[in-house]
Number of protein chains: 2
Amino acid sequence: MNDTLHNDDDYTALVKDLALKGRAAQRLLARATDEQKAEGLRQAAKAIRAQADAILAANAEDLAAGEARGLSPAMLDRLKLDKDRLEGIASAVENVASLPDPVGEVISSSEAPAGMVLERRRIPIGLIGIIYESRPNVTVDAAALCLRSGNAALLRGGSEAIHSNKALHAAFTEGLEAAGLPAEAIQLMPTQDRAAVGAMLKAAGLVDMIVPRGGKGLVERVQNDARVPVLAHLDGICHTYIHASADPAMAKQIAVNAKMRRTGICGAMETLLIDTNFPAAADVLDALADAGCELRGNARAQAIDSRVKPASDEDWDTEYLAAVLSVAVVDGIDEAMEHIAEHSSGHTEAIIAADEAAAQRFLDEVDSAIVMHNASSQFADGGEFGLGAEIGIATGRLHARGPVALEGLTTYKWQVRGQGQARP
Amino acid sequence: MNDTLHNDDDYTALVKDLALKGRAAQRLLARATDEQKAEGLRQAAKAIRAQADAILAANAEDLAAGEARGLSPAMLDRLKLDKDRLEGIASAVENVASLPDPVGEVISSSEAPAGMVLERRRIPIGLIGIIYESRPNVTVDAAALCLRSGNAALLRGGSEAIHSNKALHAAFTEGLEAAGLPAEAIQLMPTQDRAAVGAMLKAAGLVDMIVPRGGKGLVERVQNDARVPVLAHLDGICHTYIHASADPAMAKQIAVNAKMRRTGICGAMETLLIDTNFPAAADVLDALADAGCELRGNARAQAIDSRVKPASDEDWDTEYLAAVLSVAVVDGIDEAMEHIAEHSSGHTEAIIAADEAAAQRFLDEVDSAIVMHNASSQFADGGEFGLGAEIGIATGRLHARGPVALEGLTTYKWQVRGQGQARP
């Protein structure tokens, strides 16, 4: 394939060809019943289990190539599949099959002044482009969510996982075909050339939405270059504010959990704001430092614990994704909310407070996709929200916000039923 | 102002300054009650009536300048205000005041597996940019819809209406202030330079959404250049399909209405598809020709009525916005839906049929923002849908589709109420 692709026009033509095939398959999928789509996913899970040996052999090829290229142990771990992980992937597909089909739901219905019956009905978005990095499970997770919601997918994974992705994709689409669904509903980009990604991002009218799954560099490139709508978040600079009224034990437990449970996820706390009237600030900072967290703070935070180093201006806008935390002591909820308005990335912010009125103000006035009261920001996740799975977390203001699951992969149309009305 | 703006950086800085003021005002507005916002709109209507003389004098300036510049009579008519039109503008504002406030609505609520209470609550989008052409009423209509839904607006009208827009804007914001709301919630771009529009379109993170209101040239430029999400439609190539089972009298009445009631609106029919088994095709074409409609058709349509001229390939993709219609005789609903899938702009398509199963297939399978059964596509309008008003009609697939009213000007956030949960 690469031999024949020489310039941008070739990649544009390739993406157009793939997109038209995907769109044709999506039109068939849009007519499939709930049960057909569920059966397709169950067959896909079955095929993944049946082809475990081939998938693991393909993965071993990727791992060997990755080691030869000097990938870090963390990267190799993200890439690695084994029997357990593969079973996890297959059962995740079955879990998506068990989720309710969002398509066809009547979102609202009413009668027009002229007497027509109006219904807004949920429909699939169309063809979703997924651009992701090394984790091969994304191939299957994204395919399953798209299929459950009646969408076609064009998948473009990282080159380091190419053999694993091809093997998983082959099994998945074999399952679809076994259930009588079109294999072209889920396509894998046949080239790893970066120009093909550029062509996907520009394919407005052919690709309906792009979901980038990966690090900040990937998301930033996609957001900058895309002419197609993108659902994603760039940063997760999540704040937790400990109000004066917070229960000290709860504040300590949540602060340590929000920062230290897993430091590398987007819902991890990056900045702790402590009310100057909260009596147990020293205890909270002590617990964080004891848990191995580096603390960087304003002068008032440094005055509480000598282990707090001075924070630079940059620290307040940094997503560390590591055991490092910015800490500021603030004068009340207004200063806390001002700090958040200035530095938040709009992902998740939390307040710890016994005072319900303060908590309500925070929930109402902080303008992030997710606002929490008395809970750890590490809960910012579609699974933890009971959505069954998620395609990602979005911080944009249009369409879906926060954890995006099946409903976020749908749009609607107006169905209008008249009795012969002509407009006066 | 123009004296000091020399390059793109200056316009970027101007837009940033306006956007930050607008966003600050929007945060105040987000805390305003339903009743405060309604009162602001009633005061705005009152101020428009009170300042009628000044507004009409400003409009006379624009009209004189427009005549001197040789604007067409149609353009001058769009620009013109008089007592009646001004009263229409003021009462439209009162009508928006009477619509229910969408902000705060709980879209869904559930309990997370870990016990937190989750609510998705409707919130304003933020700062909306409105870019429009000569009609001065858009200044007030758009401002009223944005304000009712808790959004700030940055308005950029056409230079030919600048005096009218300034006078209307002054009255509107005086009304807001009389109700204790921030005047900067509704700002008018202080320069007519086109570079300022370019800066608005690029202001991602400062302007949350752009709504272009105007002709195809304007919408196309906005869609091509914007880095901010755009809610709009480019074309309204609306199809009506007369099924074999259609009631002949209904088919004739709806076809003539859909094309000829007003030919210049986006919901006007541009292509008529007639089933080869519909027995009264000649009668329908006769009525259209008698009503003064030029007909361009395929060979099978030409065979029915000698007044049908041959259609070119381009005709099937043309939004005439005039008394011209493309007509094709097709072999059944599948061919009709294939034609629509190939040529539709995704705005509004209608089927005329007595056969309910055929109608249901059409409603389910045609993928446009609005699909109609036994009604004229001229009903594609927020007011006709009972939404009270509309900011526009959108054919994109994300966020709001079809007529966009107050709900389309909102987004949501997740409010999460815990009892101290740390994530296991």
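Letters go in sequence order (proteins before strands), and every chain restarts at 1. All of these numbers come straight from a predicted model, not from anything done at the bench.
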For [X] against [Y], the heavy-atom pair lying closest together:
{"X": "A:T395", "Y": "A:L234", "value": "OG1-N, 4.3 Å"}
{"X": "A:V228", "Y": "A:A204", "value": "CG2-N, 3.6 Å"}
{"X": "A:N374", "Y": "A:I352", "value": "OD1-CA, 3.3 Å"}
{"X": "A:I393", "Y": "A:A380", "value": "CD1-O, 3.2 Å"}

I'd like to verify something: which residue of [options] has the highest number of heavy-atom pairs under 4.5 Å with chain A?
{"options": "B:A369, B:A375, B:A112", "value": "B:A369"}
{"options": "B:P403, B:G420, B:A251", "value": "B:G420"}
{"options": "B:G386, B:G104, B:P113, B:G402", "value": "B:P113"}
{"options": "B:T411, B:V117, B:I370, B:V371", "value": "B:V371"}

Are the charged groups of [X] and [Y] less than 4.0 angstrom apart, N to O?
{"X": "B:R23", "Y": "B:D208", "answer": "yes"}
{"X": "B:R122", "Y": "B:E407", "answer": "yes"}
{"X": "A:D334", "Y": "A:R361", "answer": "yes"}

Which region of [X], side chain (C-beta onward) or backbone (N, CA, C, O), has a non-hydrogen atom less than 4.5 Å from a non-hydrogen atom of chain B, or is it both or neither?
{"X": "A:A30", "value": "neither"}
{"X": "A:Q360", "value": "side chain"}
{"X": "A:Q419", "value": "backbone"}
{"X": "A:L118", "value": "side chain"}
{"X": "A:M250", "value": "side chain"}
{"X": "A:L363", "value": "both"}
{"X": "A:A226", "value": "backbone"}
{"X": "A:P124", "value": "backbone"}
{"X": "A:R31", "value": "side chain"}
{"X": "A:S368", "value": "backbone"}
{"X": "A:V366", "value": "backbone"}
{"X": "A:D381", "value": "side chain"}
{"X": "A:L387", "value": "side chain"}
{"X": "A:R397", "value": "both"}

* Checking A:N257 side chain against A:S376 main chain: does a donor-acceptor pair fall under 3.5 Å? -> no
* **Verdict with supporting geometry, B:E349 and B:S344, side chain to side chain donor-acceptor pair (under 3.5 Å)** => CA-CA 8 Å; B:E349 329 301 333; B:S344 159; 2.5 Å; yes
* **Residue part contacting chain A, namely of B:R417, when any heavy atom lies under 4.5 Å** =>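 B:R417 touches chain A through backbone and side-chain heavy atoms alike.
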* **Which portion of B:I123 sits near chain A, non-hydrogen atoms under 4.5 angstrom** =>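 The side chain, not the backbone.
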I'd like to verify something: which residue of [options] has the highest number of heavy-atom pairs under 4.5 Å with chain B?
{"options": "A:M209, A:H373, A:R227, A:Q253", "answer": "A:R227"}
{"options": "A:M116, A:R27, A:E111", "answer": "A:M116"}
{"options": "A:Q378, A:E384, A:R401", "answer": "A:R401"}

* Structure fact -> OG (B:S377) and NZ (B:K259) are apart, to the nearest 0.5 Å, by 9.0 Å
* Hey, could you give me the CD/NZ distance between A:E119 and A:K413, rounded to the nearest 0.5 Å? => 12.0 Å
* Scan side-chain atoms only and decide if A:S245 and A:H243 contain a donor-acceptor pair under the 3.5 Å cut-off. => yes
* Asked: Checking B:R120 against B:Y412: charged group under 6.0 Å from the ring centre and within 45 degrees of the axis?
  -> yes
* Asked: Would a line drawn from the ring center of A:H399 to the ring center of B:H399 be shorter than 6.0 Å?
  -> no
